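From a predicted model like this one, the values you see are computed outputs, not experimental measurements.
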Amino acid sequence: MGYYLKVPRKNDYYTRKRLGSKKRGLSVEEKRTRMMEIFFETKDVFQLKDMEKIAPKEKGITAMSVKEILQSLVDDGMVDTDRIGTSNYFWAFPSKALHARKRKLEALETQLAESSQKKERLQQSIEKSKIGRQETAERAALIKELAALRQKKEHLKAEIDKYKECDPDVVEEIRQANKVAKEAANRWTDNIFAIKSWAKRKFGFEENRIDKSFGIPEDFDYID
């Protein structure tokens with residue numbers, strides 16, 4: 001029996017290359033970690049242009065994302081920066097980064113504890129509110145009766161408002177209000193007659209001329 005060696009065809013190689021797993025890009029956190037490694041390993045001070053050269057070459061961080069990642073580290077207080085002359089310089093020391101991460105971790109733990117307590121309180125409130133609210137035939141009947149009573153109450157309230165004008169207290173209030181208004185109107189009538197008398201004596205105006213000039217009707221008089 002003869003043996004033969006199968007030689008892979010050129011097309012098989014390129015097919016496997018095309019179908020092979022594509023290299024995964026770095027996540028934001030991975031980029032941040034690798035950029036911090038540059039500072040910690042070198043303990044040096046850099047400009048942005050320096051990082052844009054070093055980060056892609058040594059840490060696989062794309063040059064286009066260097067500025068954004070560096071700024072995020074500055075915003076989080078993990079990288080220090082200062083402007084000297086016309087250039088910005090960046091640096092970071094392990095001790096400061098450790099303290100910054102520790103403070104961040106403590107803040108997150110505090111938030112988690114507060115959220116857990118709030119969740120527990122809400123859960124207790126939910127459980128407490130469920131007591132006595134089990135769906136039973138009796139509860140359904142009571143709810144239906146309550147709805148009917150509320151509807152009847154609204155109907156009665158509307159009826160009361162309709163006949164409120166006949167309420168003795170309301171009538172008395174209206175009577176007193178009318179009395180006050182009548183007294184006020186007659187006081188103004190006194191004032192107008194006094195002014196008309198003064199104008200006739202002072203300037204010799206005729207009464208009908210005064211009435212016409214000031215729009216006073218002919219039948220103007222006190223209210224009985």
Side-chain angles (χ1 to χ4, degrees), residues 1-135 139 143 146-147 150:
M1 179 181 293
Y3 296 91
Y4 67 92
L5 179 65
K6 182 179 179 181
V7 179
R9 293 176 297 175
K10 186 176 181 180
N11 288 341
D12 291 339
Y13 170 77
Y14 287 107
T15 300
R16 288 197 302 272
K17 189 173 181 65
R18 285 197 305 271
L19 297 177
S21 60
K22 185 178 180 181
K23 186 177 180 180
R24 182 179 65 86
L26 298 174
S27 68
V28 172
E29 281 305 314
E30 288 172 334
K31 292 177 182 178
R32 283 163 57 92
T33 300
R34 294 192 181 192
M35 188 169 290
M36 291 303 297
E37 289 174 356
I38 296 174
F39 288 108
F40 294 163
E41 291 167 359
T42 61
K43 297 181 178 61
D44 204 350
V45 178
F46 301 96
Q47 291 181 259
L48 175 60
K49 62 182 180 181
D50 300 325
M51 295 299 290
E52 288 175 338
K53 292 178 182 177
I54 297 171
K57 183 178 179 180
E58 297 188 6
K59 298 298 180 180
I61 303 171
T62 57
M64 293 179 62
S65 64
V66 168
K67 183 177 181 181
E68 179 183 354
I69 298 300
L70 185 58
Q71 186 60 50
S72 73
L73 293 171
V74 171
D75 293 340
D76 289 345
M78 298 180 67
V79 173
D80 292 314
T81 182
D82 196 7
R83 188 175 184 84
I84 302 175
T86 59
S87 302
N88 290 322
Y89 292 86
F90 302 88
W91 68 93
F93 299 111
S95 59
K96 179 175 180 180
L98 179 62
H99 290 310
R101 284 184 177 275
K102 186 178 179 181
R103 288 195 301 271
K104 182 72 172 178
L105 180 61
E106 290 173 351
L108 290 173
E109 288 175 344
T110 301
Q111 292 178 13
L112 177 61
E114 291 174 352
S115 297
S116 298
Q117 291 175 2
K118 185 176 181 181
K119 179 183 176 183
E120 182 66 23
R121 288 195 300 270
L122 289 174
Q123 188 63 41
Q124 290 176 359
S125 298
I126 291 172
E127 293 302 324
K128 186 177 180 180
S129 66
K130 288 181 179 179
I131 298 175
R133 294 191 177 186
Q134 293 78 6
E135 290 298 331
R139 182 171 183 271
I143 291 175
L146 178 61
R150 285 176 175 169

Chemist: With sequence neighbours excluded, give me every salt bridge (Lys or Arg N to Asp or Glu O under 4.0 Å) pair touching residues 80-92.
Modeler: D80-K96

Chemist: Within the distance-only criterion (no hydrogens, no angle test), does the side chain of E30 pair as donor or acceptor with the backbone N or O of S27 below 3.5 angstrom?
Modeler: yes

Chemist: Determine which pairs satisfy ring-ring contact (aromatic ring centres under 6.0 Å, His included) with at least one residue from residues 59-79, sequence neighbours left out, and list them in order.
Modeler: none

Chemist: Using a 4.5 Å cut-off on heavy atoms from C-beta on, say whether the side chain of V74 contacts that of F90.
Modeler: yes

Chemist: With sequence neighbours left out, what residues match T81 under side chain to side chain donor-acceptor pair (under 3.5 Å)?
Modeler: none

Chemist: Can you measure from CD1 (I38) to NZ (K57) and round to the nearest 0.5 angstrom?
Modeler: 12.0 Å

Chemist: Applying side chain to side chain donor-acceptor pair (under 3.5 Å), name anything that partners E41, two or more places apart in sequence or on another chain.
Modeler: K59

Chemist: What is the distance from atom CD1 of I61 to atom CG of L26, rounded to the nearest 0.5 Å?
Modeler: 7.0 Å

Chemist: Any chance you could measure L70, atom CG, to M36, atom CE, to the nearest 0.5 Å?
Modeler: 10.0 Å

Chemist: Using every non-hydrogen atom in the two residues, find where M78 and A92 come nearest and quote the distance to one decimal.
Modeler: O-CB, 3.4 Å

Chemist: As an exercise, state the distance from CD of E58 to OG1 of T42, rounded to the nearest 0.5 Å.
Modeler: 8.5 Å

Chemist: In chain order, what residues pass the side chain to side chain contact (heavy atoms under 4.5 Å, CB included) check against S87, with sequence neighbours excluded?
Modeler: Q47, Y89

Chemist: Scan residues 47-66 for pairs that pass ring-ring contact (aromatic ring centres under 6.0 Å, His included), counting only residues two or more places apart or in two chains.
Modeler: none

Chemist: Could you grab the distance from atom OG1 of T62 to atom CD of E68, nearest 0.5 Å is fine?
Modeler: 9.0 Å

Chemist: Salt bridge (Lys or Arg N to Asp or Glu O under 4.0 Å) with D50: which residues, sequence neighbours excluded?
Modeler: none

Chemist: Show the nearest heavy-atom pair for residues P56 and V66, with the distance to one decimal.
Modeler: CD-CG2, 4.5 Å

Chemist: Got a sec, which residues hit ring pair (Phe, Tyr, Trp, His ring centres under 6.0 Å) with F46, two or more places apart in sequence or on another chain?
Modeler: F39

Chemist: Considering residues at least two apart in sequence or located in another chain, which fulfil the side chain to side chain donor-acceptor pair (under 3.5 Å) criterion with S72?
Modeler: R32

